[in-house]
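The structure under discussion appears below in the form of structure tokens.
All figures in this text were calculated on a predicted structure; none of them were measured in a lab.
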Amino acid sequence: MEKLIYWLKNQPPLTYYIVCFTFVILGLFLFLVFAVNKPETFVEEELTELFSDTSISAEETFNDEAEENISESSELIIELKGQIVNPGVYTLKEGARLGEAIIEAGGVTEKADDRTINRALVLVDQMMVYIPAIGEEEFTNIDTGVNNETQKNKVNINTADQVELTQLNGIGDSRAQSIVHYREENGRFKTIEEIKNISGIGEKIFESIKEDIVVD
């Protein structure tokens, strides 16, 4: 640096001014380069970070809403009345059975007519289940969303559709369809024993469902 200054001092004034002017121009050029490019880089980085955060936030919101919808659709709400220790409204998992709901409600009372309770019954949303007392007459003053036979855990094999028939022990989709077809071909069942005329329903299955079916 000292040699440069010594050299400049020994140069003609014109050369000195030209060199100084050159340094000034170079300094202005470098200043403009850094002053212009640095904000652009900064703005670009800020915009990239902003859009990245927005994308992540939108994705998280979508995932949360999807999980919430899945959670809501996998639950059902039912009401238990009658001879229940803690009658009321209960929220259960989709596919829950009456036995699970009864346990959730603390069980049935000593007066409950246990013969009418089908604990294997699959519950559906908005269902009301009434547990009668021993000797109590059929309860018909509440809209349960199902017919009276279902309230008493009885399936009318003359009127039940395929879905209702599959609620019976040992009756799957194929046998339920056979029952409906038999009705269409032969008319109403006269007695519950007549159901044994259907292929696949023998004495063993009949014994397991005879307490749960009616013909009128």
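Residue Ile192 holds its CD1 atom at 11.5 Å from CG of Asn158, rounded to the nearest 0.5 Å. Between the OG atom in Ser74 and the CG atom in Leu92 there is a gap of 11.5 Å [rounded to 0.5 Å]. Rounding to the nearest 0.5 Å gives a distance of 11.5 Å between CG of Asp161 and CD1 of Ile179. Residue Met128 holds its CE atom at 9.5 Å from CG of Leu80, rounded to the nearest 0.5 Å. Considering CD of Glu164 and CG of Asn156, their distance stands at 9.0 Å, rounded to 0.5 Å. Summarising the geometry, atom CD1 belonging to Ile157 is positioned 9.5 Å from atom CZ belonging to Arg188; distances are rounded to the nearest 0.5 Å.
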How far apart are the C-alpha atoms of Val122 and Met127, what are their side-chain angles, what is the distance that settles it, and do they pass the side-chain contact (heavy atoms from CB on, under 4.5 Å) test?
CA-CA 10 Å; Val122 178; Met127 175 182 283; over 6 Å; no

Could you walk me through whether Ile198 and Arg175 satisfy the side-chain contact (heavy atoms from CB on, under 4.5 Å) test, starting with their C-alpha distance in whole Å, then the side-chain angles of each, then the deciding distance to 0.1 Å, before giving a yes or no?
CA-CA 8 Å; Ile198 297 172; Arg175 287 177 179 147; 6.0 Å; no

For Arg183 and Val180: C-alpha separation, side-chain torsions, deciding distance, then whether side-chain contact (heavy atoms from CB on, under 4.5 Å) applies.
CA-CA 5 Å; Arg183 264 186 347 222; Val180 174; 4.0 Å; yes

Check the pair Leu121, Gln167 against side-chain contact (heavy atoms from CB on, under 4.5 Å), reporting the backbone distance first and the verdict last.
CA-CA 7 Å; Leu121 178 67; Gln167 295 177 5; 3.2 Å; yes

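For the side chain to side chain donor-acceptor pair (under 3.5 Å) test, no residue two or more places apart in sequence or in another chain qualifies with Asn86. Residues passing the side chain to side chain donor-acceptor pair (under 3.5 Å) test with Tyr182 are Glu194, Asn197, sequence neighbours excluded. With sequence neighbours excluded, the residues forming a side chain to side chain contact (heavy atoms under 4.5 Å, CB included) with Ala176 are Gln162, Leu165, Thr166, Ile171, listed by chain and number. Listed by chain and residue number, nothing satisfies the side chain to side chain donor-acceptor pair (under 3.5 Å) test with Thr91 (two or more places apart in sequence, or in another chain).
Residues Arg119 and Asp114 meet the side-chain proximity criterion, which asks for heavy atoms closer than 4.5 Å. When side chains are defined from C-beta on, Val155 does not count as touching Asp212, because their heavy atoms never get closer than 4.5 Å.
Hydrophobic clustering, with ILVMFWY side chains joined whenever heavy atoms are under 4.5 angstrom apart, keeps Ile77 apart from Ile84. Criterion: ILVMFWY side-chain heavy atoms under 4.5 Å apart, direct or through other members. Under it, Val85 and Val108 are not part of a common hydrophobic cluster.
Side-chain contacts under 4.5 Å among hydrophobic residues (ILVMFWY), followed directly or transitively, place Ile134 with no other residue at all.
A donor-acceptor pair is defined here as one N or O able to donate and one able to accept, closer than 3.5 Å; such a pair exists between the side chain of Lys154 and the backbone of Glu211.
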Could you tabulate the donor-acceptor pairs under 3.5 Å formed by side-chain atoms of residues 203-210, not counting sequence neighbours?
| from | atom 1 | to | atom 2 | distance (Å) |
| --- | --- | --- | --- | --- |
| Glu203 | OE1 | Lys196 | NZ | 3.0 |
| Glu207 | OE1 | Lys210 | NZ | 3.0 |
| Ser208 | OG | Ile205 | O | 2.6 |

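In plain terms, the two heavy atoms of Pro132 and Tyr130 that are nearest each other are CD-O, 3.4 Å. Across every non-hydrogen atom of Thr109 and Gln83, the tightest pair is OG1-OE1, 2.7 Å.
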